[in-house]
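All ligand and atom numbering here is 1-based and tracks the order in the structure.
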Amino acid sequence: MPSHTFDLLIRNAMIATASDTYAADIGIRAGRIAQLGTQLGTGALEIDAAGRVVTPGGVDAHCHLDQPLAPPARMADNFETGTRSAACGGTTTVIPFAAQEKGKSLRDAVTDYHRRADGQAHIDYGFHLIVSDPTPEVLNKELPTLISEGYTSFKIYMTYDDLKLNDGQILDVLDVARQHGAMAMIHAENADCIEWLTKRMEASGRTAPRFHAQARPMLVEREAAHRAIALSQLVDVPILIVHVSGREAVDQIRWARGQGLKVFAETCPQYLFLTADDLGLDDSYHGARCVCSPPPRDKANQEVIWNGLNDGLFTVFSSDHAPFNVEGTDGKKPDGKEVEFRYIPNGLAGIETRMALLYSAGVLGGRMTLQKFVELTATNPAKAYGLHPRKGAIAIGSDADLVVWDEREFVLRNADLHHAVGHTPYEGLTLRAWPGITLSRGNVVWDGKAFHGQAGRGHFLKRGAPTLLPRGQEGSA
Ligand code: URP
Ligand code: ZN
Ligand code: ZN
C-alpha cells in the first residue's frame with residue numbers, strides 16, 4: 001500500500017486570504033492544513049483546483065436556526081437543514097443564538113439549544129447568547145460562567161417586546177461584557193418609536209406587509225445606534241451593531257469611530273440586494289417574505305452599504321438567516337392567515353446565498369477585492385467571536401475549512417437551494433460564481449452538484465475571547 005503524505009492534497013489552488021492571493025498546493029492531514037507550498041508529496045485523495053480561487057470557508061456569525069418561538073411561529077430550518085444549506089453555499093461555521101426567555105434561566109436556554117443541535121449539524125457551530133432578562137443571577141453567575149465555557153458573545157435587543165432591554169439593563173449587561181471580555185452585539189432600533197408608528201398605521205388601515213418598512217424608518221435605527229454607542233462609551237466596552245441597513249446608522253458609527261470609540265458593525269445581503277419595494281408596491285401579501293428588521297431601504301442606501309463594506313466601516317458580513325415559510329401555518333402566515341404586518345415573523349432566508357452574492361456582485365462585479373471578501377465573510381467574524389486562527393484562515397494548523405470557487409454565470413433558483421424554506425428573496429438574480437467544492441475539516445461536504453454531509457459531523461465550538469483589537473482593549477477588566 002503506498003503511503004501518502006496527506007489525507008487530501010489540493011493542487012494548483014489560487015489561495016485568497018484576507019491579506020494575499022498566491023498560487024500553492026494545500027496539504028491536509030487529520031482535518032487541518034498541514035502544509036502550503038509546491039511539490040508537497042501526494043494525497044490519499046487529490047483535488048486539482050486548476051488555478052481556481054480557494055478561500056477560507058465562510059463563518060456566518062449571525063443566523064437563526066431552530067430558535068424556540070411563541071407558537072404558531074416556527075423556524076423552517078433546524079440544525080440539520082440549516083447547516084446543510086450553509087455548507088452548499090460555502091459556509092463552514094455558523095453561530096446561531098441560544099435565546100433566554102424572559103423569566104427563565106439563560107443556562108436552561110443553552111442546555112435546550114444543545115439538545116436541538118446535538119447530532120444534527122453537518123458543519124462546526126458555536127452559540128451566541130441572547131440576554132432578555134438580566135436578573136442578578138444572570139449577571140453575576142450565569143453569564144460569567146457561560147462566557148468562561150466558550151459562549152463569548154451575546155446579543156442585546158433594543159426592540160421586540162419579548163426580548164428588549166431598557167438602557168439600565170443594557171448598561172448592566174455591557175458591564176459584564178467588559179469585565180469578562182465578551183463581545184456584545186446590539187440590535188439597534190427604538191422600540192417606542194416603532195410602536196407609536198405601528199399604532200398610527202393600524203389606526204388608518206395601513207397594515208399590509210409594505211408598511212412594516214414605514215413603521216421602522218431609518219431614524220429609529222439611527223437613534224438606537226447612537227444610544228447604543230453612548231452606552232458602550234459609558235461602560236468603556238466594545239460593541240458590534242448588527243444588521244446595519246443604511247446611511248443614518250452608518251453616519252453614527254462613522255462618528256463614533258472618529259471619536260476613537262470601539263464600535264464595530266455588521267451588515268447583511270438584504271441591505272445590498274433588496275429595497276423596501278420588495279415588501280410590496282401594493283397591499284399584496286407577497287412582500288411578507290421580505291419582512292425583516294431593520295427593513296431594506298433604497299438603492300442609494302445600498303451604495304452606502306457597499307461603500308461601508310469597502311472602507312472598513314463594516315467588520316463582518318452575515319446572513320441574518322431567519323427562516324420562515326410563507327405558505328403553511330407556522331411561518332409568515334400565522335395559522336395560515338394573512339395578518340397585519342405587526343404579526344408577521346421577522347427575518348428572511350439567506351444562509352446559502354450570502355457568500356455567492358458577495359463574491360458575484362462584489363469581487364466579480366469589480367466592487368471589492370478578494371482580500372476584502374475573505375476578511376468580511378470569514379476572517380473578521382472568526383476574530384470577532386474568538387475562533388481565529390482555527391477558523392477563517394488558510395494557514396498551517398487551521399482547520400481545513402475551504403471553498404474552491406466556480407466562476408460561471410447562472411440564474412439563482414430556490415429549487416437549487418438546500419434550506420427548508422420554500423422561497424429565496426433573491427429568486428431570478430443572475431450570479432457569477434458558486435462554491436464548486438466546500439470542505440469542512442478536510443471532508444468534501446459539497447462538490448458543486450451534490451451534498452455529502454453527515455448529520456452530527458459538525459462539532460460544537462467552545463470559543464475564546466474576541467481578537468479584533470489589540471490585547472487589553474477588547475473589554476477585559
Ligand atoms: O428581522 C430579523 N432580522 N429577524 C431576525 C431576528 C433579528 O433581530 O436578528
Ligand atoms: Zn436583530
Ligand atoms: Zn438576527
Residue pair Arg206 / Ser204, side-chain donor-acceptor N/O under 3.5 Å: yes
For ligand 1, which atoms have a heavy atom of His187 less than 4.0 angstrom away? 8 (O)
Determine whether more than 12 heavy atoms belonging to other residues, nucleotides or ligands lie under 6.0 Å from atom CZ of Arg441. yes
Which heavy atom of the protein is the closest neighbour of atom 4 (N) of ligand 1, given with residue, atom name and distance? Asn346 O, 3.3 Å
Phe211-Phe341 aromatic ring centre distance below 6.0 Å: no
A quick test of your reading: do over 12 heavy atoms of other residues, nucleotides or ligands sit less than 6.0 Å from CZ of Arg200? no
So, for Tyr271 and His243, is the gap between ring centers shorter than 6.0 Å? no
Look at Arg254 together with Asp251 and state whether they make a salt bridge at an N to O cut-off of under 4.0 Å. no
Numbered atoms of ligand 1 (with element) below 4.0 Å of Tyr160, judged on heavy atoms: 1 (O), 2 (C), 8 (O)
For the Zn ion (ligand 3), find the closest N/O/S atom belonging to Asp320 and write down its atom name. OD1
Lys155 contact mode with ligand 1 (heavy-atom cut-off under 4.0 Å): side chain
Using heavy-atom distances, let me know which of Cys268, Ala99, Ser293, Ser245 sits nearest atom 2 (C) of ligand 1. Ser293
In plain terms, say whether Arg116 and Glu80 are close enough for a salt bridge, that is, a side-chain N and a carboxylate O under 4.0 Å apart. no
Numbering as shown, the atoms of ligand 1 that approach His243 to under 4.0 Å (heavy-atom distance): 7 (C), 8 (O), 9 (O)
Atoms of ligand 1, numbered as shown, that sit under 4.0 Å from any heavy atom of His62: 9 (O)
Residue pair Tyr151, His128: steps toward the ring pair (Phe, Tyr, Trp, His ring centres under 6.0 Å) verdict: CA-CA 6 Å; Tyr151 307 87; His128 301 294; over 10 Å; no
Minimum-distance atom from the Zn ion (ligand 2) among N, O or S atoms of His187: ND1
Can you sort out which atoms of ligand 1 are near Ala322, meaning under 4.0 Å from one of its heavy atoms? 5 (C)
Does atom NZ (Lys102) have a neighbourhood of more than 12 heavy atoms from anything else shown, all under 6.0 Å? yes
Using a 4.0 Å cutoff against the non-hydrogen atoms of Gly347, which atoms of ligand 1 qualify? 1 (O), 2 (C), 4 (N)
With a cut-off of 2.8 Å, does any N, O or S atom of Val242 fall short of it relative to the Zn ion (ligand 2)? no
N, O or S from His243 under 2.8 Å to the Zn ion (ligand 2): yes
Pull out every atom of ligand 1 sitting under 4.0 Å from any heavy atom of Asp320, numbered as shown with elements. 2 (C), 3 (N), 5 (C), 9 (O)
Of the side chain and backbone of Cys292, name the one, both, or neither that has a heavy atom under 4.0 Å from an atom of ligand 1. both
Heavy atoms from other residues, nucleotides or ligands near CD of Glu101 exceed 12 (cutoff 6.0 Å): no
Which ligand 1 atoms does His64 reach within 4.0 Å, using its non-hydrogen atoms? 5 (C), 6 (C), 7 (C), 9 (O)
Please note down the angle at the Zn ion (ligand 3) between NE2 of His64 and NE2 of His62, to the nearest 10°. 110°
Residues Lys199 and Glu195 bridged, charged N to O under 4.0 Å: yes
